[in-house]
Structures are given as C-alpha cells and as structure tokens.
Number of protein chains: 2
Amino acid sequence: MPESYEEDIRALELFAEMEEANFDALMRGAYVQNFPPRIDLIHEEDRPDFLHVVLTGSVDLYSSWNGRESSMATVRPISTFILAATINDLPYLMSARTLERSRIVLVPSTDVRQIFSKDPAFARAIVTELAQCYRSVVKNTKDLKLRTSLERLANYILRQQTLSGSTEFDLTMEKRRLASFLGMTPENLSRAFKGLEPYGVKVSSNHISIVDPDDLARFAKPNPLIDDHTT
Amino acid sequence: MPESYEEDIRALELFAEMEEANFDALMRGAYVQNFPPRIDLIHEEDRPDFLHVVLTGSVDLYSSWNGRESSMATVRPISTFILAATINDLPYLMSARTLERSRIVLVPSTDVRQIFSKDPAFARAIVTELAQCYRSVVKNTKDLKLRTSLERLANYILRQQTLSGSTEFDLTMEKRRLASFLGMTPENLSRAFKGLEPYGVKVSSNHISIVDPDDLARFAKPNPLIDDHTT
DNA sequence: AACGGTGCTTGATCTGGATCAAGAAAACAG
DNA sequence: CTGTTTTCTTGATCCAGATCAAGCACCGTT
C-alpha cells in the first residue's frame, strides 16, 4: 500500500491526532479501490462493513422511498462517509454512488470501532465530526422547511460564491442533481434560475455569474445558522 | 441537591457508564430549575452555556428565519438537548421553549467538555447519542423530501400507534405544532385528517383511533429507515 | 457526418398546499 | 359563570411547484 494516500488520510481532522500505532493498525486492514462513474458503493439497509474515505472523484448520497428518489448530499475529497452507521453498527440510511471516476479507501468498520474504544484522541475527533454532521443536517432541514425553492437556490448560489471565492463559478454538479438536492424538479430549477435574473444572476450552461452579490443577498437573506456549513 | 433526580439522570444511557467520581463532579456544578409553560429556555445563536436535561414536562425545539418559524422536534423526559452545540462549543441552531410546566437540569457545558475528555465511557456514550441524533435528523429529512404531507401524517399516526401500543391514542401535542412539525399549515392538517378517513382514521378533538392499521399501512408504506426512530 | 442518448429548457396544464376569511369550539382569566 | 382569547375547522380563492409534452442542445459512438 503506497505511502502517498495514507498521508492524505492522516491529514484529515478525523485521523490527525490519533496514536501512530493505532493509525497504522487502521491502515493495515484498509484498502484502496478505483471505481468508474455511476457505480453503487453502498445501499440503504446494508450493514456498514467499511468506513469509506473519498480520495478523488465525488460521491452522491441519496435515498429512495416508494419509487421516489432524492439526493441528500455530495461527498468530495478528502472526507469520509458514513461514520454514524459505522460507529453504532446500524444499517445505512442512505445509498451512495460515484458521480465520476473515484478513488476510495475502505476501512473495515470493526477496526474503526475497536480503535475508537482505545484511542481517546480518535474518539474525540469522531465526536467532533459527528456533531458537525448532525449540525449540517439540521441546517439542511431548516433550509427545506423555512424557505421557498427560489430562496433555497439563491442561498445555494451565494454559498457556492463564498466557496469559490469569486462572483463567477461553475456548478459542481449537474442541474438535475442540484434540483433533487434542493428539493425541486429539474423543470422548476430551470425556471428558478430565470426567476433570479432580476437579482443579477446570469446563467449560461453550467456557468454562473453574479452581477451584484449584495442585491442577491438582499433577496436571499443568508443566515450563518443555515448557510455556514463550516460551523 | 436531592438524590432523587440524580438517579434519574444516572439512568440515562448518556450518563450510565461513566465513572462515579466524574458523574458526581458533573452533578456538583449542575442545578435544577422549574419553568412555567411557554418560556424560552435558549435561543438560536446563543452560546451553549449549559447542557439541558428534561426531567418532567416537555420542550419544543424550533427554528426561525425571515419571520417564519418551524417546529423541529419535541424533547420529552428523560432526555437531553442540545448535545452537539455543547460538545463543539458552537452556537445553538435551534431555539427551545417549554410546552408545559417543566423541571430541567442545567449542567455547565465546560464541565461536560472537561469530563468528556477524561472519561472514556462518557465519551463512548456521547458518540452513541450523537450518532443517534444524526440518524434521526436524516430520517426526518427523508420524510420531508420523499413524502407528501398526507403520507407524512399517515406515517406519523402509525408511529404514534406503535409508541402507544394501541390503535387508540391521544395526540401528544396540539395540532398547530404537529402541523408545523410535519411541514404544513394547521388548515391543511385539518384537511389531511379528513383525507385519511377513507383509510380508517377517526379523529375527534385530540383523540385518534385507527379502524384497520393494515389498511392505513398500505397507504402509508412505513419504512424502518425513515420511521423507526429507535435505530 | 449521422446517430442515438441524455440532459436542459420552455410552454401548457394540473394539483397540492398556502392564504384569506369567518364561524365553531375549547381553553383561560377574572 | 361569563367574557375573552386562542385553537380548530371549513369554505373560497390563489399560488408555487409538479407533471406532461415537445423541442433543443450537447456529447460520445460508430
């Protein structure tokens, strides 16, 4: 197993502070795999045999019920999913599929649980991570329950602007997935983009440019307790 | 500080396995308080000075944005809120108010964080609790994104039936709050109850009776990955 | 270059759910 | 008990967003 990606994993907050010996033990049981696009990695209801770490590419977390499907989140390098199921050894609540060609590390769940119980620094990191995940989902719920679809899109665009650090950027996912993530249909997303034109949002293909961010913000009314996903 | 409620708290999974000395230290800094109905306990954006434990009564967790408000969850005895903010020392994402007269224990957050870092059993329990909270919110999101309001109500009724262990039970919250919790207006909740009559749901005031649970289940299609809040 | 496939857009229509308004029923205070 | 307030219900109307249908743009394949 090449040293290279182990360093990347070690750099993750989740693994940064743990004992060297324990980290090595975790990595000993782990292995890397390359997946083509659109491959189902895990499925709702499965047992969490592995903790997954995305090294490159991207992964879609989605859920289904009664023939309907909804995109819940996107996992980008370098981060893990789905920790909560692994830790409590309970069935996955979401399915995961690669969006593009992806390199993914698989760490046996039993190893994670075992080392969790003997490495306090690792335990501390897991708690921080879980609390963060929890807070993210709460923010997402507030977004869904308190805002209209137009407001959700406006705030999504402002968040992407912050992430990219520029008033011009490319969408990081295809529009049909964005629609599902925001809880709307592709048709309505198309119309919603049009609906934001009066606030200075220009869209061509997957390129977005914001004429006047303040103008857009006056409509979107972004709020750190919903939109700041770093805390 | 009377022994009585300390035993109740000790019985909580979160505190059950920790060292006696550490539990005592936690309780030494804690104090109990009685609150009348409809008192705001904490407010979004506040710093988490205390971990709250509900001994009696009930507490509504809700959120606001842009003049709108939505009920997110109800906390019933004996359980805690809001752990995630306390642990990571980050602002609350939700506000909390008493629904009825309630006895609540306040445990200083600094004590919780300090003892968390030196008591492995306590750390383990916190992880389990956080993972459970996380999974609950994910289930709630799936409920919201994958189901119509009528389906959400039908499944809510089936969940309450399971909890009460009977096909007849009383609603545990007023209808306007239930509506908000389910993501609909009070007017529409009223109509939704009517809409479930064909499936054998009878409502009079806050008393519900289900004529044929199987009939209702055929419509509601309950799913453990959304509706079973014990895992 | 022609092709099929897929995603995106646009228009027309439909519907679930929100809003507005008013009356009925409870809950509460004096 | 009585008047007041709040919740719940019902009806009428309105609107956001879903669905249906068709055309268009893009992209990799052969």
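Proteins get letters first, then strands, A, B, ... in listed order; numbering begins at 1 in each.
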*Tell me, for nucleotides 18-23 of chain C in 5' to 3' order, what letter each nucleotide earns: B for a base near a protein heavy atom under 4.0 Å, S for only sugar-phosphate near one, - for neither?*
BBB---
*asked:* How many whole angstroms separate atom CG of B/Leu178 from atom P of D/dT9?
replied: 11 Å
*Nearest-Å distance for atom pair CZ/P, residues B/Arg177 and D/dC8*: 11 Å
*Using a distance-only test with no angle check, is there a side-chain donor-acceptor pair under 3.5 angstrom linking B/Ser180 and B/Glu69?*
no
*Could you state the interatomic distance from CD1 (A/Ile210) to CD (A/Gln161), rounded to the nearest 0.5 Å?*
4.0 Å
*Heavy-atom side-chain contact between B/Leu83 and B/Cys133 under 4.5 Å*: no
*Report the distance from atom CZ of A/Arg176 to atom P of D/dT19, rounded to the nearest whole Å.*
13 Å
*Where the side chain of A/Glu174 is defined as all heavy atoms beyond and including C-beta, which of D/dT10, D/dG17, C/dG7 is the nearest nucleotide?*
C/dG7
*How does protein reach along nucleotides 22-30 of chain D, written 5' to 3' as B (base within reach of a heavy atom under 4.0 Å), S (only sugar-phosphate), or - (no contact)?*
---------
_For atom CG of B/Leu171 and atom P of D/dT9, their distance in whole Å_ = 10 Å
*In terms of the nearest nucleotide of DNA chain D, which residue is placed more toward the 5' end: A/Leu150 or B/Lys175?*
B/Lys175
*Atom CZ of A/Phe35 and atom CG of A/Asp40: how far apart are they, to the nearest 0.5 Å?*
11.0 Å
_Heavy atoms of other groups near A/Glu13 CD, more than 12 under 6.0 Å_ = no
_Residue-phosphate contact under 4.0 Å: A/Thr148 side-chain N/O, D/dA16 OP1/OP2_ = no
*Can you tell me the distance, in whole Å, between the CG atom of B/Leu189 and the C1' atom of D/dT7?*
12 Å
*Separation of A/Asn34 CG from A/Thr56 OG1 (nearest 0.5 Å)*: 7.0 Å
_In whole Å, I'd like the distance from the CD atom of B/Glu197 to the C1' atom of D/dT9._
13 Å
*asked:* Just the rounded figure in Å: distance from C1' of D/dA16 to CG of A/Leu182.
replied: 16 Å
*Any side-chain hydrogen bond (donor to acceptor under 3.5 Å, both in side chains) involving residues 183-195 of chain B? Give me the pairs, sequence neighbours left out, ordered by first then second residue.*
none
*asked:* Does A/Glu45 have more than 12 heavy atoms from other residues, nucleotides or ligands lying within 6.0 Å of its CD?
replied: no
*Could you tell me the separation between the NZ atom of B/Lys221 and the CZ atom of B/Arg147, rounded to the nearest 0.5 Å?*
10.5 Å
*Nearest-Å distance, CE (B/Met173) to C1' (C/dA27)?*
20 Å
